[in-house]
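First up is the structure itself, then whatever we jot down about it.
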Amino acid sequence: PPDTGAELCAPAPLTWEEQTMRRLVVLGKNCRSLASADRFDELVSDLEHQDWDIALLSETWRRDLEELWESNENHVFAGRGHESGRRGVAVLVHKRWKNSLIGFTPVSERVCYLDLQIFGVKCRFVSVYFPDSTYSDIEVQKVYDLLGEIVDDARKAKLRIIIGGDFNAKVGSGTDAGEHPSAGLHGLGEQNARGQLLLAWSSSKSLKIANTFFRKQDEQLVTHVGT
């Protein structure tokens with residue numbers, strides 16, 4: 001598929017044929033600002049040309065500490081910003097699922113999550129923006145600790161969990177990542193220390209790094225390319 005998705009099958013009494021026809025497409029995107037109405041309109045315009053259900057957004061650069069509203073297109077925007085107008089995360093839900101919302105939790109300017117019930121399955125969608133290389137490993141670990149609590153809570157509540165965003169990490173390509181239980185063979189670039197941390201954490205939580213299991217064009221394997 002053009003973007004990494006997550007296929008969630010509904011429970012019985014649906015037939016196998018009905019289940020396999022139902023898929024959920026989840027996108028991760030570093031927005032590099034959704035601070036203005038024009039930037040938001042650009043995002044929606046881009047998504048119109050794609051098959052999508054949920055968009056997990058990072059670097060929204062919005063200032064409001066909690067937002068939950070419906071766009072002109074009837075999509076649902078749920079976000080957490082920062083007073084500085086930097087960082088920020090959000091979840092954008094396609095209008096077809098707007099009545100499936102269970103709850104939204106804006107944890108910090110780096111983590112937020114939205115619970116939905118889709119195809120009869122309760123799901124938690126987490127948007128995350130990790131510190132970049134200018135931040136210490138201590139700051140990175142703080143985000144992993146937050147994510148760990150969110151994952152554990154979701155599993156206690158028997159929710160499926162999908163995490164997306166900008167991890168500012170390289171898990172590597174080929175056997176560098178493929179030898180690890182949480183990754184496939186189709187990563188990108190040379191593995192770095194924070195990529196190793198991502199692999200270890202994902203494995204500890206029995207999670208898969210989904211876009212490493214699909215053969216994709218290089219530009220579709222990352223959320224943002226720095227200069």
Problem set entry | Over 12 non-hydrogen atoms of neighbours within 6.0 angstrom of NZ in Lys205 | yes
Exercise. For the ring pair Trp201 and Phe130, is the centre-to-centre distance below 6.0 Å?
Worked result: no
For this session: Using the rule that two of Ile, Leu, Val, Met, Phe, Trp, Tyr join whenever any of their side-chain heavy atoms come within less than 4.5 Å, decide whether Val151 and Leu198 are in one cluster.
Result: yes
Exercise. Yes or no on side-chain contact (heavy atoms from CB on, under 4.5 Å) for Arg87 and Arg110, after CA distance, side-chain angles and deciding distance?
Worked result: CA-CA 7 Å; Arg87 300 184 287 276; Arg110 293 195 180 277; 3.2 Å; yes
For this session: Show the numbers, then the answer: is there a side-chain hydrogen bond (donor to acceptor under 3.5 Å, both in side chains) between Asp145 and Gln141?
Result: CA-CA 6 Å; Asp145 290 344; Gln141 189 59 52; 3.0 Å; yes
For this session: Identify whether the distance between the nearest side-chain nitrogen and carboxylate oxygen of Asp53 and Arg96 falls below 4.0 Å.
Result: yes
Exercise. CG of Asp153 to CD1 of Ile150: how many Å apart, nearest 0.5 Å?
Worked result: 8.5 Å
For this session: Could you point out which residue of Leu101, Leu159, Thr105 forms a side chain to side chain contact (heavy atoms under 4.5 Å, CB included) with Asp115?
Result: Leu159
Problem set entry | CG on Asn192 to CG on Asn168, rounded to 0.5 Å | 9.5 Å
Exercise. Once you round to the nearest 0.5 Å, how far does OG of Ser127 lie from CG of Leu92?
Worked result: 10.5 Å
Exercise. Would you find more than 12 non-hydrogen atoms of other residues, nucleotides or ligands less than 6.0 Å from Asn72 atom CG?
Worked result: no
Problem set entry | Under 3.5 Å donor-acceptor, Glu70 side chain and His75 backbone | no
For this session: Would you check if the side chain of Arg194 reaches a backbone N or O of Asp132 as a donor-acceptor pair within less than 3.5 Å?
Result: yes
For this session: With rounding to the nearest 0.5 Å, note down the distance linking CD in Glu42 to OG in Ser36.
Result: 7.0 Å
Exercise. Would a hydrophobic clustering, with Ile, Leu, Val, Met, Phe, Trp and Tyr connected at side-chain separations under 4.5 Å, put Ile138 with Leu146?
Worked result: no
Seminar exercise, completed: Interatomic distance, CD@Glu109 vs OG@Ser58, rounded to 0.5 Å, equals 13.0 Å
Exercise. In the hydrophobic cluster built from side-chain contacts under 4.5 Å, what are the other members alongside Tyr129?
Worked result: Val89
